[in-house]
> 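A single structure is presented below for examination.
First the proteins, then the strands, lettered A, B, ... as listed; each starts at 1.
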Amino acid sequence: MSRYSAAEIEPKWQQAWDEAGVFRAERMPGKPKYYVLEMFPYPSGRIHIGHVRNYTMGDVVARYKRATGHNVLHPMGFDAFGMPAENAAMANGGHPRDWTYSNIDTMVGQMKPLGFSLDWTRMFATCDPEYYGQQQALFLDFLEKGLVYRKNAVVNWDPVDMTVLANEQVEDGRGWRSGALVERRELTQWFFKISDMSEELLDALDTLDDWPAKVKTMQANWIGKSRGLQFSFGLTDTSHGYDRVEVYTTRPDTLMGASFVGISPDHPLARELERHDPRVAEFCKQARQGGTTEEAIEKAEKLGYDTGLTVRHPFDTAWELPVFIANFILMDYGTGAIFGCPGHDERDHEFARKYGLPIIDTFLPVEGEHDIQKEPFVPPKTEKVRFTRLVAGEKIQTGNEAIDATIDFCEANGVGQGVTKFRLRDWGLSRQRYWGCPIPVVHCDDCGVVPEKKENLPIRLPYDEGDKPIDFSIPGNPLDRHPTWRDTPCPSCGKPAKRETDTMDTFVDSSWYFARFTAPRAETPTVMEDAEYWMNVDQYIGGIEHAILHLLYSRFFARAMHICGHLPEASKEPFDALFTQGMVTHAIYQTQKDGRPVYHYPEDVELKDGKGFLEDGTEVEIIPSAKMSKSKNNVVDPVQIIADYGADTARWFVLSDSPPERDVEWTAAGAEAAAKHLGRVYRLASDLTDGEAETDEADEHLMREMHKTVHDVTLGIDSFGFNAAIAKLYGFTNTIAKSRAGSVARRMAIKTLAQLMSPMTPHLAEEIWQMLGGEGLISQAPWPKADPAMLVEDTVTMPIQVNGKRRGEIEVPKDLDPAEVEKRALANEGVQRTLDGAQPRKVIVVPGRIVNVVM
RNA sequence: GCCCGCGUGGUGGAAUGGUAGACACAGGGGACUUAAAAUCCCUAGGCCGGAAGGCCGUGCCGGUUCGAGUCCGGCCGCGGGCACCA
């Protein structure tokens with residue numbers, strides 16, 4: 001009898017798979033293909049236990065699909081451009097490229113021992129010139145089709161470092177390094193015209209049947225289709241060169257409750273006033289302070305500046321409203337101007353009270369009271385309300401009805417028009433940074449903005465500054481100050497010109513990598529034959545944090561690539577099924593020192609009766625289920641887990657316990673238990689001896705359980721119920737261990753158990769398969785099938801409730817007549833006791849399920 | 001602030017509107033052992049009770065239903081996203 005040693009068997013089987021080329025994906029017409037993809041990692045330097053969980057789920061699907069006769073594509077790559085590489089270079093010297101490739105090497109080295117069934121020959125990193133060169137080609141194609149354009153947009157500007165900051169580099173409205181108050185500043189930037197596809201991206205969500213509903217809801221809300229009224233307020237004083245202010249509102253029914261007009265500090269009228277009035281300029285400067293995020297703007301104190309200008313109300317020309325410049329209105333949204341109705345909007349209410357503006361109701365609750373001066377009345381638009389100041393429609397109607405009526409009325413009377421708008425803005429892709437894909441255009445004094453010629457691609461990032469290394473510790477974009485890289489002849493006229501120094505948002509890189517995997521070495525972005533064969537991604541797996549941006553951008557890219565002939569029509573929605581998995585969490589162990597928390601590593605904490613102690617006996621506070629974070633010392637390193645227990649244990653554990661879409665808590669005890677269980681399965685197989693007492697009845701029972709397990713586990717894997725499948729496998733293992741069946745039946749049961757476990761614990765499964773004389777590799781064996789005849793039970797246990805409370809149960813033949821079930825249920829001892837002679841008023845029999853007696 | 005989720009024993013969690021707590025961890029008891037480790041068996045939501053059994057129980061409050069962890073409304077707490085983190 002040998003002992004289970006993961007360290008011995010895992011490398012052995014990985015080598016066997018490698019040699020047999022089991023996971024290499026090649027087109028095989030005639031065999032159904034299956035493309036399973038996990039969101040590729042950022043090369044931070046170490047794999048994280050969350051990666052292990054993500055890729056294990058994908059691997060289970062890949063291995064299962066292979067066993068059910070599919071030709072599987074399961075690739076891996078790296079999302080390798082981005083800020084951390086530059087930050088590392090800034091902090092520790094070195095070069096982003098060296099840092100990134102070295103990290104990739106390390107991470108591949110950490111991933112391979114996990115035994116994922118990946119086709120490593122297709123691997124690439126988005127920072128490979130072979131990849132980003134094709135991305136530049138895509139950009140040029142998009143440009144030609146009018147899918148890319150330039151316009152102004154606001155960025156976070158650090159006035160001390162004189163550089164653009166990412167949102168995460170803005171802390172409490174200040175630059176992370178300089179500490180200077182950040183300003184919103186306009187810059188000319190490149191944009192993808194995603195807004196042109198708003199309607200289509202919204203409508204097509206309905207076709208994504210195998211996406212989580214919550215993701216579709218989030219995307220729909222993000223796209224934000226709304227119908228509203230666009231109209232103008234006439235200015236009473238036209239001396240500043242403007243005669244009106246154009247506004248857009250989704251609540252035209254509150255028009256009679258307007259009490260001010262607000263414009264953005266970047267509105268042309270505000271800009272005009274700013275030029276002539278230092279007080280306005282001062283206010284606008286202040287209003288532009290703070291970050292660009294919606295969150296920062298929403299949470300900032302609402303400030304306004306009364307311009308002294310007034311406008312006329314469109315339905316009462318005697319009614320004049322003041323015009324304010326307000327810090328919470330962005331030029332990017334709508335027309336950059338709004339009208340405020342404090343009676344029916346939280347934000348406007350706050351603003352009105354601050355600046356002493358009137359609060360007027362236009363509708364009130366149908367019943368009851370509401371003090372509009374105290375707080376705004378903001379019911380759902382579907383609720384009926386009583387209008388007090390009506391533009392159009394009935395006195396009592398819903399908000400939606402009133403909005404429609406108002407738009408009709410306004411259009412009929414020449415006051416503006418109904419407009420459908422989308423919240424979705426165009427995708428700004430310019431980044432003023434080095435470590436990204438260079439935007440392949442040239443700025444020529446004579447020809448303007450000229451696309452680079454395709455034969456000159458890739459436009460490579462310069463590694464150094466010619467005679468000296470790039471100094472990343474200087475704020476700003478090294479491409480911008482590079483002595484020679486910018487210089488290039490104009491592709492159009494040949495005269496000396498300058499390259500664009502902005503690089504692309506890293507979301508661009510991850511918006512088409514799934515397509516590139518179908519032909520990763522091609523000289524064009526994709527190869528139609530390969531794309532047609534492998535696309536779409538049948539199962540995409542990743543974190544919920546990507547629910548909106550990454551997935552929406554990818555959907556846009558797939559459409560844009562189709563327009564340019566890089567993807568087939570059928571791939572406009574590139575991900576057939578989506579699964580969003582939860583995080584792996586771990587307890588934080590902390591003590592207090594001088595009022596500050598001190599975090600302790602798990603290996604320094606001894607657990608006893610649910611309490612934790614340090615070596616010196618100090619008790620530590622345990623904060624369960626916390627997100628893993630380096631600064632909290634609660635990160636679990638998969639490499640250590642593999643060294644301690646082996647890959648199969650790590651894989652088994654991350655799938656067990658928690659449903660995949662939920663967070664899972666990593667505990668040392670849990671990992672220990674997983675390892676023990678795998679050892680037990682191994683022992684069951686290696687202890688299997690011939691010549692035990694053979695009893696037909698026990699054989700029959702074991703075979704029935706086996707078929708049930710095959711059925712349940714198959715269903716579990718099909719529906720991403722990995723934790724449930726594992727619970728069944730635990731149960732079946734117990735059944736085998738206790739079974740008195742003969743060795744033939746037991747051998748069959750354990751071989752089947754190995755097959756059912758093989759997607760989760762492939763190395764152990766191969767070992768057992770070989771031990772029990774299975775043919776070839778288990779990785780290439782067909783998936784077991786459950787015999788339907790073995791699944792049906794003759795009798796069923798039915799619980800009996802009285803008034804919804806369980807009082808007993810009866811064992812009845814499966815198809816017993818409901819009237820007979822009722823009779824037997826009423827005769828039940830527990831029911832009789834509870835009824836205590838009373839007559840039941842009603843008896844509900846749900847065949848095969850439950851009986852409820854109502855008294 | 002806005003959008004989307006989640007909340008069940010000591011712990012991770014199970015449960016097509018139909019027996020709440022499957023499976024597992026920690027705990028308790030036992031077997032084997034000179035002893036320990038390993039392994040195996042039993043037990044286990046809380047309260048009352050010797051037992052039979054009863055009462056309570058899925059974050060909180062209310063509703064729909066013969067029946068609610070599950071559906072609806074309100075609240076509290078936690079997490080994800082908010083367009084330059086990936």
Side-chain angles (χ1 to χ4, degrees), chain A residues 3 39 41-42 44 79 81-84 153 155-156 164-170 212-215 217-222 224 291-300 328 332 346-347 423-433 505-507 509-510 543-550 552-553 580 582-583 585 607-610 624-625 627 656-659 661-667 669-670 672-674 676-677 679-680 683 721 723-724 726-731 734 737-738 797-801 803-809 830 833 841-844 846 849-854:
Chain A
R3 269 178 68 92
M39 291 179 186
Y42 179 79
S44 58
D79 188 13
F81 275 134
M83 292 205 311
V155 294
N156 301 305
V164 177
L165 298 179
N167 285 333
E168 73 160 7
Q169 296 173 323
V170 179
K214 63 175 168 184
V215 173
T217 311
M218 281 190 261
Q219 291 218 355
N221 289 339
W222 187 261
T292 56
T293 67
E294 200 168 300
E295 185 187 3
I297 291 159
E298 284 286 325
K299 280 185 174 168
F328 56 87
D332 290 10
E346 205 75 53
R347 192 168 60 182
R423 203 182 79 98
L424 181 64
R425 311 202 297 262
D426 277 332
W427 171 11
L429 68 116
S430 301
R431 296 292 180 270
Q432 296 70 39
R433 271 184 269 285
D505 177 10
T506 56
F507 271 122
D509 312 337
S510 55
I544 186 69
E545 68 273 19
H546 295 295
I548 298 177
L549 293 180
H550 163 62
L552 191 63
Y553 290 159
T580 54
M583 294 183 299
T585 61
L607 295 173
K608 235 187 274 168
D609 299 340
S625 305
K627 187 171 19 175
S656 60
D657 286 1
S658 250
E661 66 274 19
R662 281 240 288 254
D663 294 350
V664 65
E665 169 121 355
W666 181 278
T667 61
E672 186 82 34
K676 270 187 197 174
H677 177 75
R680 186 165 177 236
R683 248 189 338 274
N723 57 322
I726 283 183
K728 296 286 178 202
L729 289 167
Y730 268 108
N734 287 336
K738 286 180 187 157
T797 305
M798 290 181 79
I800 318 295
Q801 298 181 329
N803 286 345
K805 281 190 182 167
R806 185 178 172 280
R807 298 296 176 184
E809 61 181 36
R833 186 172 42 237
R841 283 198 293 136
K842 195 169 159 189
V843 179
I844 290 148
V846 184
R849 288 228 151 257
I850 202 168
V851 180
N852 193 10
V853 179
V854 186

> What's K214(A) touching, base or sugar-phosphate or nothing? Going by heavy atoms closer than 4.0 Å.
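Touches sugar-phosphate only.
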> Counting only Watson-Crick pairs (N1-N3 plus N6-O4 or O6-N4) and G-U wobbles (N1-O2, O6-N3), all under 3.5 Å, who is the partner of rC78(B)?
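Looking at the geometry, rC78(B) pairs with rG5(B).
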> For a 4.5 angstrom cut-off between non-hydrogen side-chain atoms, does P659(A) reach N723(A)?
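Yes, side chains in contact.
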> What integer distance in Å separates E298(A):CD from rC3(B):C1'?
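Spelled out: CD on E298(A) to C1' on rC3(B) is 11 Å.
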> Give none if rC25(B) has no partner; otherwise give the nucleotide forming a Watson-Crick or G-U wobble pair with it, both distances under 3.5 Å.
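Looking at the geometry, rC25(B) pairs with rG10(B).
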> Please report the distance separating the C1' of rG45(B) from the corresponding atom of rA14(B), rounded so that it comes out in whole Å.
14 Å
> Taking atom P in both rU39(B) and rA26(B), what distance in whole Å separates the two?
10 Å
> Less than 4.5 Å apart, side chain to side chain, heavy atoms only: is that true for V170(A) and T293(A)?
no
> For a quick check of understanding: with a heavy-atom distance under 4.0 Å over all strands, which category does S510(A) fall into, base, sugar-phosphate or nothing?
nothing
> So, is S658(A) near the phosphate of rG12(B), with a side-chain N or O under 4.0 Å from OP1 or OP2?
no
> Looking at CD1 of I544(A) and CZ of R662(A), how far apart are the two atoms once the value is rounded to the nearest 0.5 Å?
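The distance works out to 14.0 Å.
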> Considering every strand and a 4.0 Å limit on heavy-atom distances, what is the contact class for V164(A): base, sugar-phosphate, or nothing?
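Base contact - V164(A) has a heavy atom under 4.0 Å of at least one base atom.
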> Kindly label the base of rG9(B) as syn or anti, based on whether its glycosidic torsion lies within 90° of 0.
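Syn, since the glycosidic angle lies within 90° of 0.
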> Holding to ring-ring contact (aromatic ring centres under 6.0 Å, His included), I want the full list of residues that pass it with Y42(A), two or more places apart in sequence or in another chain.
none
> Using the ring-ring contact (aromatic ring centres under 6.0 Å, His included) criterion, which residues pair with H677(A)? Sequence neighbours excluded.
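Per chain and number, H677(A) pairs via ring-ring contact (aromatic ring centres under 6.0 Å, His included) with W652(A), Y730(A).
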> Which part of the nucleic acid, if any, lies within contact of P41(A), taking any heavy atom under 4.0 Å across all strands shown: a base, the sugar-phosphate backbone alone, or nothing?
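Here P41(A) touches no strand at all.
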> State, yes or no, whether a side-chain contact exists between F507(A) and L429(A) at a heavy-atom distance under 4.5 Å.
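Side-chain contact under 4.5 Å: no.
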> If rA52(B) has a Watson-Crick or G-U wobble mate with both distances under 3.5 Å, name it; if not, just say none.
none
> To the nearest Å, give me how far apart CZ (R807(A)) and P (rG54(B)) are.
5 Å
> Would you compute the distance between atom CZ of R433(A) and atom CG of D505(A) and round it to the nearest 0.5 angstrom?
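Reported to 0.5 Å precision, the distance equals 9.0 Å.
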> Looking across every strand, which nucleic acid part, if any, lies under 4.0 Å from R833(A) by heavy atom: base, sugar-phosphate, or nothing?
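It contacts sugar-phosphate atoms only.
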> Starting at atom CZ of R806(A), determine the distance to atom P of rU19(B), rounded to an integer number of angstrom.
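It works out to 10 Å between those atoms.
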> Expressed as a whole number of angstroms, how long is the span from D79(A):CG to rA86(B):P?
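For the pair D79(A) CG and rA86(B) P, the rounded distance is 8 Å.
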> Considering every strand shown, what is the Watson-Crick or G-U wobble mate of rU19(B) when both distances are under 3.5 Å?
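With both distances under 3.5 Å required, rU19(B) matches none.
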> Considering only rC40(B), rU19(B), rC23(B), which nucleotide approaches the side chain of R683(A) most closely?
rC40(B)
> Give K676(A) one of three labels, base, sugar-phosphate or nothing, depending on what nucleic acid heavy atoms sit under 4.0 Å from its own.
sugar-phosphate
> Paired with rC85(B): which nucleotide, if any, by Watson-Crick or G-U wobble criteria at under 3.5 Å for both distances?
none
> For the pair made of CZ in R433(A) and P in rC84(B), what is the distance, rounded to whole Å?
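Going from CZ in R433(A) over to P in rC84(B) covers 10 Å.
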> What is the separation between atom CD on E295(A) and atom C1' on rC85(B), rounded to the nearest whole Å?
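Atom-to-atom, E295(A) to rC85(B), this comes out as 14 Å.
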> Roughly how far apart, to the nearest Å, are rC32(B) and rA36(B) at atom P?
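Their P atoms lie roughly 12 Å apart.
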> Could you tell me the separation between the CD1 atom of I297(A) and the P atom of rC82(B), rounded to a whole number of Å?
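Spelled out: CD1 on I297(A) to P on rC82(B) is 14 Å.
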> With a 4.0 Å cut-off on heavy atoms, is G82(A) in touch with a base, just the backbone sugar-phosphate, or nothing at all?
sugar-phosphate
> Between R680(A) and N734(A), is there a side-chain heavy-atom distance shorter than 4.5 Å?
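Yes, at least one pair of side-chain atoms sits under 4.5 Å.
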> Report which part of the nucleic acid W427(A) touches: base, sugar-phosphate, or nothing (heavy-atom distance under 4.0 Å, all strands).
nothing
> May I ask you to say what G830(A) touches in the nucleic acid, namely base, sugar-phosphate or nothing, with a heavy-atom cut-off under 4.0 Å?
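Nothing, no heavy atom under 4.0 Å.
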> Touch check for R680(A), heavy atoms < 4.0 angstrom, all strands: base, sugar-phosphate only, or nothing?
sugar-phosphate
> Taking the same atom, P, in rG50(B) and in rC66(B), what whole-Å distance lies between them?
40 Å
> What does rA38(B) pair with, Watson-Crick or G-U, if both distances are under 3.5 Å?
none
> Taking atom C1' in both rG63(B) and rU70(B), what distance in whole Å separates the two?
15 Å
> C1' atom, rG21(B) versus rU8(B): distance in rounded Å?
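These two C1' atoms come out 8 Å apart once rounded.
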> Take A727(A) and D426(A), find for each the nucleotide of RNA chain B with the closest heavy atom, and name the residue whose nucleotide sits nearer the 5' end.
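Closer to the 5' end of RNA chain B: A727(A).
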> Could you tell me how far apart L429(A) (CG) and rC84(B) (C1') are, to the nearest whole angstrom?
11 Å
> Can you sort out the partners of K299(A) under side chain to side chain contact (heavy atoms under 4.5 Å, CB included), two or more places apart, ordered by chain and number?
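Result, side chain to side chain contact (heavy atoms under 4.5 Å, CB included) vs K299(A): E295(A).
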> rG10(B) and rG28(B): how far apart are their C1' atoms, nearest whole angstrom?
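It comes out at 13 Å once rounded to the nearest Å.
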> Of the nucleotides rC84(B), rA86(B), rG18(B), which one has an atom closest to the side chain of I850(A)?
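Between rC84(B), rA86(B), rG18(B), the one nearest the side chain of I850(A) would be rG18(B).
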> Reading nucleotides 61-76 of chain B 5' to 3', which nucleotides get B (base under 4.0 Å from a protein heavy atom), which S (sugar-phosphate only), which -?
-----BS---------
> Counting only Watson-Crick pairs (N1-N3 plus N6-O4 or O6-N4) and G-U wobbles (N1-O2, O6-N3), all under 3.5 Å, who is the partner of rU70(B)?
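Its partner is none (no Watson-Crick or G-U wobble pair with both distances under 3.5 Å).
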> Taking salt bridge (Lys or Arg N to Asp or Glu O under 4.0 Å) as the definition, give me every residue that meets it alongside R347(A), ordered by chain and number, with sequence neighbours left out.
E298(A)
> Partners of N803(A) by side chain to side chain contact (heavy atoms under 4.5 Å, CB included), sequence neighbours excluded?
V854(A), M855(A)
> Under 4.0 angstrom, heavy atoms only, what part of the nucleic acid is A673(A) near: base, sugar-phosphate, or nothing?
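Sugar-phosphate contact only - A673(A) comes under 4.0 Å of backbone atoms but never of a base.
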> Remember a base hit wins even if backbone is also touched, and classify H546(A) as base, sugar-phosphate or nothing at under 4.0 Å, heavy atoms.
base
> On RNA chain B, nearest-nucleotide positions of I548(A) versus E346(A): which is more 5'?
E346(A)
> What does V155(A) touch in the nucleic acid at a heavy-atom separation under 4.0 angstrom: a base, only the sugar-phosphate, or nothing?
base
> At under 4.0 Å between heavy atoms, what does E672(A) touch on the DNA or RNA strands: base, sugar-phosphate, or nothing?
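Result for E672(A) = nothing.
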> Could you give the distance separating rC76(B) and rA37(B) at their C1' atoms, to the nearest angstrom?
49 Å
